[in-house]
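Scroll down for the structure; my scribbles are underneath it.
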Amino acid sequence: MTALSMAKALNEGLRKAMEADPKVLLMGEDIGKLGGVFRVTDGLQKDFGEDRVIDTPLAESGIIGTAVGLAIRGYRPVCEIQFDGFVFPGFDQIVSQVAKMHNRSAGQVKMPITIRIPYGGGIGAVEHHSESPEAYFAHTAGLKVVACADPSDAYWMIQQAIADDDPVVFFEPKRRYHAAKQELADEPTPLYSARVVRPGSDLTLVAYGSMLTTALEAASVAAEEGRELEVIDLRSVSPLDIPTVLESVRRTGRLVVVHEAPGSFGAGAEIAARVQEQAFYSLEAPVLRVTAFDTPYPPSRLENEWLPNVDRILDTVDKSLEF
Amino acid sequence: MTALSMAKALNEGLRKAMEADPKVLLMGEDIGKLGGVFRVTDGLQKDFGEDRVIDTPLAESGIIGTAVGLAIRGYRPVCEIQFDGFVFPGFDQIVSQVAKMHNRSAGQVKMPITIRIPYGGGIGAVEHHSESPEAYFAHTAGLKVVACADPSDAYWMIQQAIADDDPVVFFEPKRRYHAAKQELADEPTPLYSARVVRPGSDLTLVAYGSMLTTALEAASVAAEEGRELEVIDLRSVSPLDIPTVLESVRRTGRLVVVHEAPGSFGAGAEIAARVQEQAFYSLEAPVLRVTAFDTPYPPSRLENEWLPNVDRILDTVDKSLEF
Amino acid sequence: MTEHVHAVHPEPDMIQLLTPEGQRVEHPDYPLAITDDEIAALYRDLVLVRRIDTEAIALQRQGELGLWASLLGQEGAQIGAGRALRPHDMAFPSYREHGVAWCRDVDPLTLLGLFRGTNLGGFSPYEHNFNNYTIVIGAQTLHATGYAMGVVRDGAVGTGDPDRDTAVLVFFGDGASSQGDVNESFVFSAAGNLPVVFFCQNNQWAISEPVTTQSRVPLYQRASGFGFPGVRVDGNDVLACLAVTRKALDDARSAQGPTLIEAFTYRMNPHTTNDDPRRYRLASEAETWKLKDPIERVRAYLAREAAISPDFFASVEDESRKLAEHIRSASRVLPDPGAADVFDNVHVTMPDELREQREEFADFLSSLEMSDAK
Amino acid sequence: MTEHVHAVHPEPDMIQLLTPEGQRVEHPDYPLAITDDEIAALYRDLVLVRRIDTEAIALQRQGELGLWASLLGQEGAQIGAGRALRPHDMAFPSYREHGVAWCRDVDPLTLLGLFRGTNLGGFSPYEHNFNNYTIVIGAQTLHATGYAMGVVRDGAVGTGDPDRDTAVLVFFGDGASSQGDVNESFVFSAAGNLPVVFFCQNNQWAISEPVTTQSRVPLYQRASGFGFPGVRVDGNDVLACLAVTRKALDDARSAQGPTLIEAFTYRMNPHTTNDDPRRYRLASEAETWKLKDPIERVRAYLAREAAISPDFFASVEDESRKLAEHIRSASRVLPDPGAADVFDNVHVTMPDELREQREEFADFLSSLEMSDAK
Ligand SMILES: Cc1ncc(C[n+]2csc(CCOP(=O)(O)OP(=O)(O)O)c2C)c(N)n1
Ligand SMILES: Cc1ncc(C[n+]2csc(CCOP(=O)(O)OP(=O)(O)O)c2C)c(N)n1
Ligand SMILES: [Mg+2]
Ligand SMILES: [Mg+2]
């Protein structure tokens, strides 16, 4: 089997999902002939037709709202939001309809909608093209929120998300789309489970999406200095697989959480809050977070410094170890 | 001086703000002749005219988006969102424009916009009328987020929010609008400071908005059982006055945070994360949270049980004290 | 029957087939072949849904419901539109369409749970092809549009097979016409030539705001700028609403695309039982509209011009009374929700962390019951 | 000058005052009194903004800019609209209005920061009454509408005083017409009879989507359903764009309310420098539009029919070259942002917690500099 980029792996995953179930539809802006601005849907309209790969009018509330109607009619829409910052015009339909319709109807209506969001920075883009809005969705009951971190997982996770009868907000780290290629695993990991990607005994490093690579890089550097960091790919932001994190923290006694979104009220806060509650006596240092700062995304010339990076992770790891 | 309800206190505060600055405008649905569905703007259109108290078309994105334009023109719009659940159609304008315009323009444009949101449950309402969406805004850099908890504070805080050159999302606990009356204090507390409302030595209880009353009730009951809870009214959710919380926690060693919003990825998580980081060795028990559950707001017949209440707070206090 | 038809037409741009005085008028574009028995059946619908409304208001006053959104004055629009539907058509209501629910055979009690606070809607849209109420203004117009996209993909328009071709009917108000979602639904429907009919009940008010706050031109005109037809119908004329909606649904089913119908009517009651309209409108306005009552004109027509059985009105009255009793007694025993109702339908597959919360909540509820029992 | 005017009019619903061949035509509703010198000045604008565009694309290729959104083909629309503004009018661009910025005397270098990634816009809208670029599609239409509400409240419309009466001009694309925000801005503007002019550059494409994905009827028709006039103008005809926008702005200033202008034009280049239009459109389309080039027709007119100085074209060419050099050299020295740029303008009053983060970041940046220096 050949190695694939994440963009290509997602493309293959979408293709598999469409082949498996004729009710699966893709909808979004520029996903047809163009194949999406990142080419994730490349060739799919050609192969599945304009009825199943739909270039919609330019309106995100319209995309999500019509997906809700399609779901009521029995379809499984996969909506592409072109860039993270453009999910907000569709926020109302996501929070008040997608997340709540199943519950409103006492379970009679299913919302098997997948909302794909290329997210995060590091690609030198202009404003609104580098956001990490996962916490908004994680704080919304009724939604599941996941992020893929490597091509193989991307391939499997997108299929699992589409097959899930619940709505899933699916974050794709856009700066990894065309980064390292990888062969696809034969089997998927369960969608809502975290996974230990690198074992270690000195400290637990939790990351997801784009930050997994950065966390692994930091762990390599730390290893050279004799520190064994255990790296966990969270994969699902909501629900949180806290048991896997706790199991690790009980061994290492230390936890650092890394994410691209600004820190305050971000996903890292929830992880810290749960872990300190459930592993109070195991912690030898407070849970620390390495995140972006509490500012709007900066001009791209500064993004590499502003985003969590290996240096800042290692600084924080030191802080934890020296606590 | 006579005692006022919170609704009336806000009404007086708005009046004062409009008298103080002719650039202050109110805009929203049904805020004119009707005086708002909660009568908070009662009589203001009559006194200040239709140009300053504007019944807008029924469109929240339109309300916030035009407020942005008015702010660019030098006005200070105060937008009323009729109910918490209806802020989401305006979410994009809040997150991508209100929060970011000052920064985008390198500080050249100010956004002195106040977004008033009657929030929270306990009033027997139907879906979308009892939400507590503060964490979404607190996680958005560029916004300040506050909640008033009693009439006097409401009176002062609304004036301070309007006078602030930064955008403020102002949460009003609607179930307290017509609850206990109170005389107005002579002086305001600084807008972004927490305040110790009831001193105590055994445990710190942090709450804001509607939950302050509930927390105080819990503290009274606990006192009967010989436990002295220190109750802090957070007042500002973002920025967080963590120093005041830390000062208390360093004395009591225990912290319980209470809010109406579902717990996961809520404001309590951030407080817990910061406190465990900054007062690690002072904590004798993990920071615990009493919040709503991670579900959509329930049918109102169950809201009193679903919402944090005195019983659940006391249970959690016990858990902390017995830890 | 044609002798009853007169050619008077008060407002040139508004379709009317039955005057407030109960006279049939003809409109060239909307011929309506209808028997007196069918008109009598519509009369029965009108009376019964008004009775449901009256009872619900009474229940609210007695504290049995938390809230009620009255349809008084809008019965003609809702019964006309609702009776134009075929069983396999799909309807998307907002929160005031109790009359449409009636036409879809939804038990009135089913509607009460939401207003009593025992559920959030809680019924299956598939059972009667009638979606749960939508409270966020305008959101349902996009759902209807998406549903219509599905209908097209299912090959269920323009086949000529009446059992297959399917239309979608969506309800919203004059206030809702200002929402982005409603206008986006126009965009999507026009661009996709979708089988959806937009039924706007312009009841002149959005809570306290008159329709002039939303628009300075008649709302039906909105459609043309999006590239599909709009029509204004006398919303207090059940026959006109029936004829106009029927034609629009026919067009939709036969792949002619969307139509916007503006039903010109009046909200006779407060916005909801919480509202106080004395603050913002004159009682005389309602007095004027009372003269255009949607039921009175049908009664007048039937009484004067139709060959119906002499005890018809009495039998409808009787049925209405029985319906009222049923609602009164049954509503009080609507089951209160329990922990299961709060947690079990958040997701299809419940995450473990939520399962733990569910147990916590169930324990808490039973601890309350225990202390109640003490 | 009237001898140059011919009565040919290719598309009945599109205002054109200068044919692609460079012939003046007259339109009864849009008389344009303009001298040849003024036309020559427009020519200069057109050439210079095209040159800015060309240079920016080159800078992007060289890695000096991260991205550029080209206005090629839309110069006529932008210069026509931009030159219709009076100094105290306010303009709200989207992200492609480099030509309008030029008319507002915004230094081209000011625009580059956003595309280079050194700032997010970073200029004062008050200096030239030109707002920062808005990237979220359609959002700026509401800002313009709100600004116009402020203008009305300031008593700055309909006074008859040309130095006081103020109009607002907002730019958006064909794709943007589908956004809820744009339609809500139509609602608010019509209901408030606001002094705002909506200038939609229909360049036929929203990235890869043809305008037919958004609408099946011409976009200018959208306005009528909201209750205000819409007009389609040849967007490659600078004279028509000038005349039509001037009239609309005049109407706005004199309290006649909003107008929607659809400038029918073509995006000759890829959507941005990131885009690959070969995937979705034929090169032949651009070839056809090339025949309607907005600059060529003005050049043809001036060369053939106007009394301009013989070295006019050469002097514009010279100016253009100098402008290009200025841009090339100055853009490379645009200052990189520092910690201050990231933190200092998040709020007017910086919270303490952010101040701490600012220090942390500044320390981090200087630690990098130190390690760079090693
Ligand atoms: C998005 C949103 N904003 C505000 C509200 C509050 N609200 C409920 S009904 C209503 C007025 C609706 O008027 P209209 O659309 O004319 O329908 P009607 O109630 O007259 O049937 C408002 C503002 C809401 N439900 N949803
Ligand atoms: C809300 C939002 N959704 C998506 C995008 C991504 N996007 C940028 S430009 C564009 C197409 C815009 O087309 P149009 O309005 O015709 O303007 P043009 O680029 O042709 O000038 C899209 C989809 C965006 N910027 N904002
Ligand atoms: Mg209405
Ligand atoms: Mg375009």
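Letters A, B, ... mirror the listed sequences (proteins, then strands); counts begin at 1. Predicted model, so just to flag it, every value in this text is computed and none were measured.
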query: Do R279(C) and D42(B) meet the salt-bridge criterion of a basic N to acidic O distance under 4.0 Å?
result: yes
- prompt: Nearest heavy-atom pair of S300(B) and R116(C): which atoms, and what distance?
  reply: OG-O, 4.3 Å
Less than 4.5 Å to any heavy atom of chain C: does that hold for the side chain of [X], its backbone, both, or neither?
X	answer
Q45(B)	neither
S61(B)	neither
Y297(B)	backbone
E29(B)	both
N304(B)	neither
F293(B)	both

Look up atom [atom1] in [X] and atom [atom2] in [Y], then write down how far apart they are to the nearest 0.5 Å.
X	Y	atom1	atom2	answer
D315(B)	E360(C)	CG	CD	9.0 Å
R39(B)	D276(C)	CZ	CG	6.0 Å
L58(B)	E209(C)	CG	CD	6.5 Å

Per-residue contact mode, [X] against chain B (heavy atom under 4.5 angstrom):
X	value
A139(C)	neither
L67(C)	side chain
D181(C)	neither

message: Could you check whether D55(B) and T213(C), counting side-chain N and O atoms only, form a donor-acceptor pair closer than 3.5 Å?
response: no
